[in-house]
Amino acid sequence: MVILSHPLVTQPVQIFFIVLVIILFAPILLNKLKIPHIIGMIVAGVVIGPYGFNVLDNDSSFAVFGQVGLLYLMFLAGLEIDMFHLRLNLRRGLSFGILTLVIPLLLGVLSSVYILGQSWLTAMLLGAMYASHTLISYPVAARFGITKSPAVLIAIVGTIIAVVGALLVLAATVNIGREGVFDIGVLLWLVLKMLLWLAAIVYAFPRMARYFFKTYSDKVTQYVFVLALVFLASWTAQIVGVEPVLGAFMSGLILNRYVPPASPLMSSIEFVGNALFIPYFLISVGMMINVRVLANADTLGFSLVMLVVALLGKWLPAFIARRRDGLSAAGGRVLFGLTAAHTAVALAVVTLGYNMHMLDEKVLNSTILVILVTCALAPIITATAASKLKVEMMADDEHRMLRRTRVNNTLITVANPVTAGSLVEMAVLMRNDRGSHNFYAIHVRSENSQAARTISANSLDEARRSASSADVTLTGLDRYDLNIVTGVLNAIEERDITEIFLGMHRRTTVIDSFFGSKVEQLLRSTNRMLILTRCFIPPATLTRIVVWVPAGAQYETGFSRWVRAIARLTRQVGCRVIFCSRGDIQPLIRGVLYQENYGIRCEFRTFESNDDFVLLSNKILDDDLFVVIGARPQSVSFNADMSEMPNFLQRYFSQNNIMVIYPEQFGEVPALTSFVDPMASDIATLPSPWLRRLHTRLAYIAARFVKPGRRRRRSKIEL
């Protein structure tokens, strides 16, 4: 191999072009060879780097972009975690983290002392290197769609424990090397600073994010704000004395709640990271690897011992965790593949030790070989096991395949460009991600003037733009019809629509109804599920979803459909949902949620009387979404109180975020899954209509003397 003394390319434009060519063609070529593209990025970095053909120099630009890519990778790992499943696997993740910290540490210390002949201080430094690892193969797991599996979640929690533990061991070792004696006060001071830093960002970041997302809706501004928080957390972590990767991961974990998986912001974050920053990091890793260390036989033997210890130290914890936690063989290999790579922290450890003259050049070169081999093996192990784990996950969901076979078609009515984007965003958050889901946006105009056509085009363009930013395909329908209701009804029949989204009507006259005459006509003319929504704040900033379920709602045909729709919205937003209903309805709701395994925070409050509906006005706060389950006239759950509901919503909930859902009637839906007989309740025992109407009137008169107002603080009286 001919090695150039100076880099061949030094111009910034040419450097960036070469990097983009590598990012473009490495996945294409290696996919044909069935090799993970991550390896291609690393190998390309070796070839073009200073230890290869020296095409590019490992200068400050690669140091900056490489560091940014590593932080971005850890941020994505925290952002994409399913918080519900993380809580379920937290105990197992903590125990695995202790295993993957202690076992490599002990193996590294003992092998360094008794096999490699190093001092105890050097052995402790190498033990910290063995204990740490980097989630370099996490993009492989994300590509296969297994990031919510227990194996991946356990690996992520274990990574944080291992990195923090390795940094504490490193701090103690460096302190001994500098002072000549171990000072426990230095270590305790580091732990105290880390806890104070963690408490500060946990307190400040959610409040900053909530205020910013409520104030600014521009996606570019939101993206820059999120990145600013990531690097603020990384910078402050570095000031405290820990690795910046911990700050990046913690920022992703905290912002997880405010960036829904199906939101346009999440699509932008993933796109930029996977297209630029993370590949830059992988190429920079390859440029740091010196393959010429293999030419030295003495160094090669030293390196083989370190390599065996590094792989064995990460394989044993994965094997023990697999046996103890009941993971499958594929899950155990994924766990090992995610934790096998040593990169950033390992380089920091050996570089610091080398600069302090605690490690010699042989150990430094051997560590480079360990990084090279583990970075090559980890993606291969993860990729081969991830495909099998994905098959296992799909097999576990086989009993839900009947629900996936039915195609969901959502029709979104967009009247103007101002509200089109928010309507589409809410519909996308409630989409059925476990089956086929098609989206249509319709604008119906009753005249053919140029102004009407312009409004229609702008409304549909805004709807498409909002859907495409969330990586969702939306079909626009520009319809010229007799009136809006006729146009929507024709579209429902033509496209086999299953649910319709409409914006909440704003009253224009005193005699106008709360929902508007068009909605009332649609309710009489179609049996599909109708969803009316009005949200003053971004859905990602909601803290609770409060659902009012009327008596008899469990007997409607579309009962399970609206329960699943609310569960999907709750899972995307990451908040908790509170169902306010009679006691006989709650087991049915639990049955639907249990069968679908949505994994959401769900609570129930028992309200036996419909009079309590008005009393909820004092408990619904500004950052809540109040969902009301309505009923069409002549339906099973319709009663006299339903006719007063629009007036109550207008008087007591005019300043709240509201969603009204009318379930479908006589539709084709699966049978209810419940732990009780849905017909066990005696319908005849319900109060008579005139008595319930009298109760509602009395509650209405009593509530006139109480002005609920808008409150900014959480009520002491919980729902």
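Predicted model only: the values in this text are computed from it and were never measured. Note that the numbering runs from 1 along the sequence shown for the chain.
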Derivation of the side-chain contact (heavy atoms from CB on, under 4.5 Å) call for N438 and L474: CA-CA 7 Å; N438 301 319; L474 181 141; over 6 Å; no
Ring-face cation of R207 near Y203 (centre distance under 6.0 Å, axis angle within 45°): yes
Could you check if a side-chain atom of [X] sits within less than 4.5 angstrom of a side-chain atom of [Y], using non-hydrogen atoms only?
X	Y	answer
V46	Y51	no
I545	R576	no
V424	F439	no
H133	T100	yes
F17	V9	no
F501	M430	yes
P260	M266	no
S251	I254	no

Crowding at NZ, K219 (>12 non-hydrogen neighbours, <6.0 Å): yes
Residue R143 excluded, over 12 heavy atoms near CZ under 6.0 Å: no
Starting at [atom1] of [X], measure out to [atom2] of [Y] and round the result to the nearest 0.5 Å.
X	Y	atom1	atom2	value
S466	D461	OG	CG	12.5 Å
T543	L625	OG1	CG	10.0 Å
L389	I146	CG	CD1	5.0 Å
L255	L229	CG	CG	5.5 Å
T159	I154	OG1	CD1	11.5 Å
S263	I269	OG	CD1	7.0 Å

Aromatic plane relationship, F212 with F225 - under 30° parallel, 30 to 60° tilted, over 60° perpendicular: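 Correct class here is parallel.
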Mutual orientation of the aromatic rings belonging to F213 and Y258 [parallel < 30°, tilted 30-60°, perpendicular > 60°]: tilted
Any sub-3.5 Å donor-acceptor pair from [X]'s side-chain atoms to [Y]'s backbone N or O?
X	Y	answer
Y72	L276	no
T570	I566	yes
K314	A131	yes
R333	A385	no
S234	G247	no
Q222	Y216	yes
N89	R92	no
T339	L335	yes
N256	L79	yes
S328	G331	yes

Give me the atom names and distance for the closest heavy-atom approach of [X] to [Y].
X	Y	result
G332	L327	N-CB, 4.5 Å
I136	C375	CD1-SG, 3.8 Å
Q572	P261	OE1-CD, 3.1 Å
I161	L101	O-CD2, 4.3 Å
I412	A427	CD1-CB, 3.6 Å
A441	L460	O-CD2, 3.5 Å

Residues which pass salt bridge (charged side-chain N to carboxylate O under 4.0 Å, His left out) with R322, listed by chain and number, not counting sequence neighbours: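 Counting only residues at least two positions away or on another chain, R322 forms no salt bridge (charged side-chain N to carboxylate O under 4.0 Å, His left out).
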Intermediate values then yes/no, side-chain contact (heavy atoms from CB on, under 4.5 Å), N409 and Y440: CA-CA 8 Å; N409 297 320; Y440 302 92; 4.2 Å; yes
Residue pair F62, Y280: steps toward the ring pair (Phe, Tyr, Trp, His ring centres under 6.0 Å) verdict: CA-CA 7 Å; F62 281 95; Y280 235 111; 5.4 Å; yes
Worked verdict on T419 versus V414 for side-chain contact (heavy atoms from CB on, under 4.5 Å): CA-CA 7 Å; T419 60; V414 289; over 6 Å; no
Test item: side-chain donor near acceptor, H342 and T134, under 3.5 Å: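 Short answer, no.
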Pair V577-R601, side-chain contact (heavy atoms from CB on, under 4.5 Å): steps then yes or no: CA-CA 6 Å; V577 59; R601 290 183 293 168; over 6 Å; no
